[in-house]
Amino acid sequence: MDTYLFDGGRITKMEVDYEPACNEKIPMAMELAKKNPDAFHEAIEMMLQLEKQTRLGADMVSCSRVLVAICQICLQAGNWNALNEYVSLLVRRRSQLKQAVVKMIQECCTYVDKTPDKETKLKLIDTLRSVTEGKIYVEIERARLTKTLADIKEADGDVAGAAAVMEELQVETYGSMDKREKVELILEQMRLCLLKEDYVSTQIIAKKISIKFFDDPAQHDLKLKFYNLMIQLNRDTSFLNTSRHYQAIAEPPRKKKPAAVESSTSDEKKKGDDKKTKEEDDKKSEADVAVEPEIELTDAQKKELTDKLVCAVIYCVLAPFDNEQSDMMAHLSKNKKLEDVPAYKEILRLFMSKELINFDTFNADFGMILAENEMFKDNSKHGKKCITELKDRLIEHNIRIIAMYYSRLHLTRMSELLNLPTNRCEEYLSKLANSDTIRVKIDRPAGIIYFTTKKSASDILNNWATDVNQLMSLVNKTCHLINKEECVYSVMCAVED
């Protein structure tokens, strides 16, 4: 029976089967090179002749065996320069079979850890990366070699070089690579970019990962790594996103339980199944997998999850007020696990309440508890920033509450309520007015503050319609009076005549 080879989308017929020749010559060449090191080139020459025959005869299996044998002979002789030379030579040969190249590259990748010194390893990696550049069928091997090269550069202290090497890989386009391995390489790119403080590139790379991938409980370790990197990225720039990341890792790992698969042999059942749409099939497959409750955790794991939840609460409180932040606080307040940390539950309640928060009282009640957190340490830049932001959030909360209950207030009275000098009160009022959190006007000569409520779009439209109606009524009344005067004037003129 004829044997066909699918090479690069083309159907190539294998002309001759060189398996018997390979079974005879490959062991002979390896034994020759092993017994007599001086016969190394003679053994290689024997293999090169056989390689030409198998390549031109389109015998992929035999050609792969020959290429791998050439690499093994070079390894056995310890001739790394010859290995690099012959790998480059064999890949560039005319009509070289792609499957044979894949087998040879995979064999050479196993030699990277067997190199005698670092210089030899780097040279071999560089050779393999150069011959695999631009070849889709060996993209996985090139990605793994690049990861090894980046690890070597990072160990030497060249973080920028390691990041530059890793960023060359467009892993998200590799169709043959396993999804988990893709995510691992993308996370490595993020980590190296963070180390060299390239936050823009880190943000771009992070968008290549779909969050739905982490719904699989088997990927929980990658989920933790991803969100820890995102926390490092956003902790100084976006407290709200940082809180969202902490909430994601505060959820305990879950496990999926596959439901029993029902089977039926009746013809009616099969006909009914054939008529189902793809969407219905997807819904059924999702329903077949029942998500169990949380898995059992040790005390240490429970404490770690509680600490993550506490961080989520604190960063949510530190975030500037807006609708999204308000919704997140409401969502966090419903978390039953906050009952294990009543102090932080009370902090969340205070910021959600419509009451003024006295800073001295707040500091006396929660100062010692907050000081235990790493994010409020005075000896770090981030800790100082968090302390400053907490004071600002307290003052802004109090101003929003004052705006709810007052429509007009003296500036001196407001400084008493906020325990701030008048010039600082004006700064915070201007800041909140610019962010469109409150509507306020200040009469500085009189020292009076006027608060107005923000009107909804429907209220503005109703007011506009009312004003238009009043305007048209005045126009109609004016026209009526003008007509009346004209009539009176015409009558008077007729009487005089």
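Count residues from 1 along the sequence. Keep in mind that the numbers below use all heavy atoms, side chains included, and drop hydrogens, waters and symmetry copies.
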Item checked: Side-chain (Asn335) to main-chain (His331) donor-acceptor, under 3.5 angstrom ->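 Such a contact is absent between Asn335 side chain and His331 backbone.
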Tabulate below the donor-acceptor pairs under 3.5 Å that side-chain atoms of residues 100-111 make, not counting sequence neighbours, or state none.
from: Gln106; atom 1: NE2; to: Glu141; atom 2: OE2; distance (Å): 3.1
from: Glu107; atom 1: OE2; to: Tyr111; atom 2: OH; distance (Å): 2.6
from: Thr110; atom 1: OG1; to: Glu107; atom 2: O; distance (Å): 2.4

Margin query: Going by the rule ring-ring contact (aromatic ring centres under 6.0 Å, His included), which residues pair with Phe366 if we only count those two or more places apart in sequence or in a different chain?
Written below: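 Counting only residues at least two positions away or on another chain, Phe366 forms a ring-ring contact (aromatic ring centres under 6.0 Å, His included) with Phe362.
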Could you work out, with side chain to side chain contact (heavy atoms under 4.5 Å, CB included) as the rule, every residue matching [X], not counting sequence neighbours?
{"X": "Leu432", "value": "Glu396, Ile399, Ser435, Thr437, Ile438"}
{"X": "Asp113", "value": "Lys121"}
{"X": "Val159", "value": "Leu195, Lys196"}

Checklist line | Pairs meeting criterion ring pair (Phe, Tyr, Trp, His ring centres under 6.0 Å) with involvement of residues 177-216, two or more places apart | finding: Phe214-Phe226
Among all residues two or more places apart in sequence or in another chain, which pass the salt bridge (Lys or Arg N to Asp or Glu O under 4.0 Å) test with [X]?
{"X": "Arg65", "result": "none"}
{"X": "Lys225", "result": "none"}
{"X": "Glu181", "result": "Arg144"}
{"X": "Glu374", "result": "none"}

Check: Could you give all pairs that pass the side-chain hydrogen bond (donor to acceptor under 3.5 Å, both in side chains) test and reach residues 37-46, with sequence neighbours left out?
Finding: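 side-chain hydrogen bond (donor to acceptor under 3.5 Å, both in side chains) check on residues 37-46 returns no pairs.
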Quick one: side chains of residues 309-323, donor-acceptor pairs under 3.5 Å with protein atoms, not counting sequence neighbours, listed by atom name and distance.
from: Tyr315; atom 1: OH; to: His382; atom 2: NE2; distance (Å): 2.8
from: Asp322; atom 1: OD1; to: Glu324; atom 2: N; distance (Å): 3.3
from: Asp322; atom 1: OD1; to: Gln325; atom 2: N; distance (Å): 2.7

Next item on the list: Please tell me if the side chains of Leu305 and Gln301 come closer than 4.5 Å, counting only heavy atoms from C-beta onward.
Entry: no
